[in-house]
Protein chains: 2
Amino acid sequence: MSISSRFAVGIHILTLIEFNKEGVTSSEFLASSVNTNPAVIRKLMGMLKKAGLIEVHPGIAGAKLAKELSDITLFDVYKAVNVVQEKELFSIHESPHPDCPVGRNIQNTIEPLFAAAQFAMEKVLRNVTLEDVVKDIATKENIC
Amino acid sequence: MSISSRFAVGIHILTLIEFNKEGVTSSEFLASSVNTNPAVIRKLMGMLKKAGLIEVHPGIAGAKLAKELSDITLFDVYKAVNVVQEKELFSIHESPHPDCPVGRNIQNTIEPLFAAAQFAMEKVLRNVTLEDVVKDIATKENIC
DNA sequence: ATTACATGTAATCGATATTGTTACAGGTAA
DNA sequence: TTACCTGTAACAATATCGATTACATGTAAT
């Protein structure tokens, strides 16, 4: 099991829009860098647009960031591309037997524990911005 | 996307072994409480056994805990049932374009961020023991 | 030794999610 | 009108999950 690479690709898209901000960042351009199909990129662009992270218009080539780099966290991207639903990082088996003391309580007992674990993971994502990602790549480029 | 319910079922199994420690906890008994097939339970029992969490023997009915309740964390169960591999909670797209500054760096930049998020989630699991789960259920039973 | 019953394990199936691909509708500007 | 872009639907290939069936193997009681 793994969380969909839509998340990583979403970050890639936003980062590249920033790096190419003087130029035109079309779905084809993005697809070439990500190494996938333009239609895949357009679908993701739709999600990022819906989440208010980018501006993109039918018939007009290129996407632009809709917010400041420092105002976009990885959590924003994570939510935008819809990879994990609220309280659903972990799945819990359905319909355990109600006549068993464990069966009738296990879901209620486990759920808050799973939610806490998921929340801790998401908190890390909230504390990283796209600015951090862009700066890290810029640093790596200057060194190499 | 969701982490397999094997994790939740694994917790269920261990918890029920404890609740039924005076009796014989067979795969059929467990399957009835979990509401699944005995073969599914046996496969999970094999994983829990391999991880040293339970003792179970071919031909002999019933499983027993191999460690103290307070010595088994949810993380132990999580690793035992093999739901998420190390550094693979998030997947990263392969083969981004090396001629692009973003494409050639994005993986190295994102990987530690994803690893940190995964680690934070796992840390929560490390801090909860089966004893906590059993006590919580026992409390709920006494109240209701 | 035979019988009854347990665990161990492999094969298979249906359901679902993911990723890539193709195709085309609709918008924009030269 | 033409060229090119985004938006979106349909479909295939692949992978994983959970359930199911079947059977080999091990144990203990008769």
Side-chain angles (χ1 to χ4, degrees), chain A residues 1-10 12-13 17 20 23-51 53-64 66 81-85 88-96, chain B residues 1-10 12-13 17 20 23-51 53-64 66 81-85 88-96:
Chain A
M1 192 296 315
S2 261
I3 290 173
S4 167
S5 67
R6 282 200 305 274
F7 184 24
V9 174
H12 189 143
I13 290 172
I17 291 173
N20 190 44
V24 175
T25 310
S26 67
S27 64
E28 191 171 357
F29 177 77
L30 286 162
S32 167
S33 173
V34 172
N35 189 30
T36 184
N37 193 290
V40 171
I41 298 292
R42 289 200 290 274
K43 174 151 189 175
L44 281 170
M45 288 199 307
M47 290 177 165
L48 296 171
K49 176 185 183 180
K50 191 174 169 190
L53 303 184
I54 65 174
E55 287 173 7
V56 56
H57 306 280
I60 302 178
K64 296 289 179 186
V81 298
N82 216 30
V83 282
V84 176
Q85 306 306 311
E88 290 186 8
L89 174 59
F90 299 91
S91 51
I92 302 183
H93 53 299
E94 312 226 313
S95 319
Chain B
M1 194 295 315
S2 261
I3 291 172
S4 167
S5 68
R6 282 200 304 274
F7 182 25
V9 174
H12 189 143
I13 289 172
I17 290 173
N20 190 43
V24 174
T25 310
S26 67
S27 64
E28 191 171 358
F29 178 78
L30 285 162
S32 165
S33 174
V34 171
N35 190 30
T36 184
N37 193 289
V40 171
I41 298 292
R42 289 199 290 272
K43 174 151 188 171
L44 280 170
M45 288 200 307
M47 291 177 165
L48 296 171
K49 176 185 183 179
K50 191 174 170 190
L53 303 184
I54 65 174
E55 287 173 7
V56 55
H57 305 280
I60 302 179
K64 296 289 179 187
V81 298
N82 215 30
V83 283
V84 176
Q85 305 306 311
E88 289 186 7
L89 174 59
F90 299 90
S91 53
I92 302 183
H93 53 298
E94 312 226 313
S95 319

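Values reported hereafter were calculated over all heavy atoms of this structure, with side chains retained and with hydrogens, waters and symmetry mates removed. Just so it is clear: chains get the letters A, B, ... in the order the sequence lines come, proteins before strands, and each one is counted from 1.
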(request) Run the numbers on B/Val9 and B/Val81 for side chain to side chain contact (heavy atoms under 4.5 Å, CB included), then give the verdict. (result) CA-CA 9 Å; B/Val9 174; B/Val81 298; over 6 Å; no

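Separating the NZ atom of A/Lys50 from the C1' atom of D/dT6 is a distance of 17 Å, rounded to the nearest angstrom. Separating the CD1 atom of A/Ile41 from the P atom of C/dG20 is a distance of 9 Å, rounded to the nearest angstrom. Remark: P of C/dA17 and CZ of A/Phe7 are 20 Å apart, rounded to the nearest angstrom. A/Ile13 places its CD1 atom 11 Å from the P atom of D/dT6, with the value rounded to the nearest Å. Look at CD on A/Glu88: it is 15 Å from P on C/dT16, rounded to the nearest Å. B/Leu48 places its CG atom 14 Å from the P atom of C/dT7, with the value rounded to the nearest Å. In this structure, B/Lys64 atom NZ and C/dT7 atom C1' are separated by 16 Å, rounded to whole Å. Nucleotide C/dC24 holds its P atom 20 Å from the NZ atom of A/Lys43, rounded to whole Å.
At the heavy-atom level, B/His57 lies under 4.0 Å from the strands shown only through sugar-phosphate atoms. Residue-level contact check: A/Lys49 touches the backbone only, with heavy atoms under 4.0 Å from sugar-phosphate atoms and none from bases.
Listed here is the closest heavy atom pair of A/His93 and B/Ser5: N-CB, 3.9 Å. Between A/Ser27 and A/Met45 the shortest heavy-atom distance is CB-CE, 3.8 Å. When all heavy atoms are compared, the tightest approach of B/Phe29 to B/Asn20 is CE2-ND2, 3.6 Å. The nearest pair of heavy atoms linking B/Ala8 to A/Ser91 is CB-O, 3.8 Å. Of all heavy-atom pairs between B/Glu55 and B/Ala66, the closest is CG-CB, 3.9 Å.
Considering only the side chain of A/Ala39, D/dT8 comes nearest among C/dG8, D/dT8, D/dG7.
Looking only at side-chain heavy atoms (C-beta outward), B/Leu30 and B/Thr36 stay at 4.5 Å or farther from each other.
The structure places CG of A/Leu48 at 12.0 Å from NZ of A/Lys50, a figure rounded to the nearest 0.5 Å. Summarising the geometry, atom CD belonging to A/Glu88 is positioned 12.5 Å from atom CD1 belonging to B/Ile3; distances are rounded to the nearest 0.5 Å.
Nearest-nucleotide assignment on DNA chain C puts the 5′-proximal partner with B/Thr25, out of A/Arg42 and B/Thr25.
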Taking N or O atoms only and anything under 3.5 Å, show me the protein contacts with nucleotides 3-6 of chain C, one pair per line.
none

Give me, pair by pair, the N or O atoms of the protein and of nucleotides 12-19 of chain D that are less than 3.5 Å apart, along with how far apart they are.
residue : atom : partner : partner atom : Å
D/dG18  : OP1  : B/Ser5  : N            : 3.0
D/dG18  : OP1  : B/Ser5  : OG           : 2.7
D/dG18  : OP2  : B/Ser4  : OG           : 2.5
D/dA19  : OP1  : B/Thr36 : OG1          : 3.4
D/dA19  : OP2  : B/Thr36 : OG1          : 2.5

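Checked against side-chain contact (heavy atoms from CB on, under 4.5 Å), B/Asn37 has the following partners two or more places apart in sequence or in another chain: B/Ala39, B/Val40. Applying the side chain to side chain donor-acceptor pair (under 3.5 Å) criterion to B/Asn82, with sequence neighbours excluded, gives B/Gln85. By the side-chain contact (heavy atoms from CB on, under 4.5 Å) test, B/Lys49 pairs with B/Ile54, B/Val56, B/Pro58, sequence neighbours left out.
Taken over five-pair windows at either terminus, the axes of the helix from C/dA1-D/dT30 to C/dA30-D/dT1 are inclined to one another by 10° (rounded to 10 degrees).
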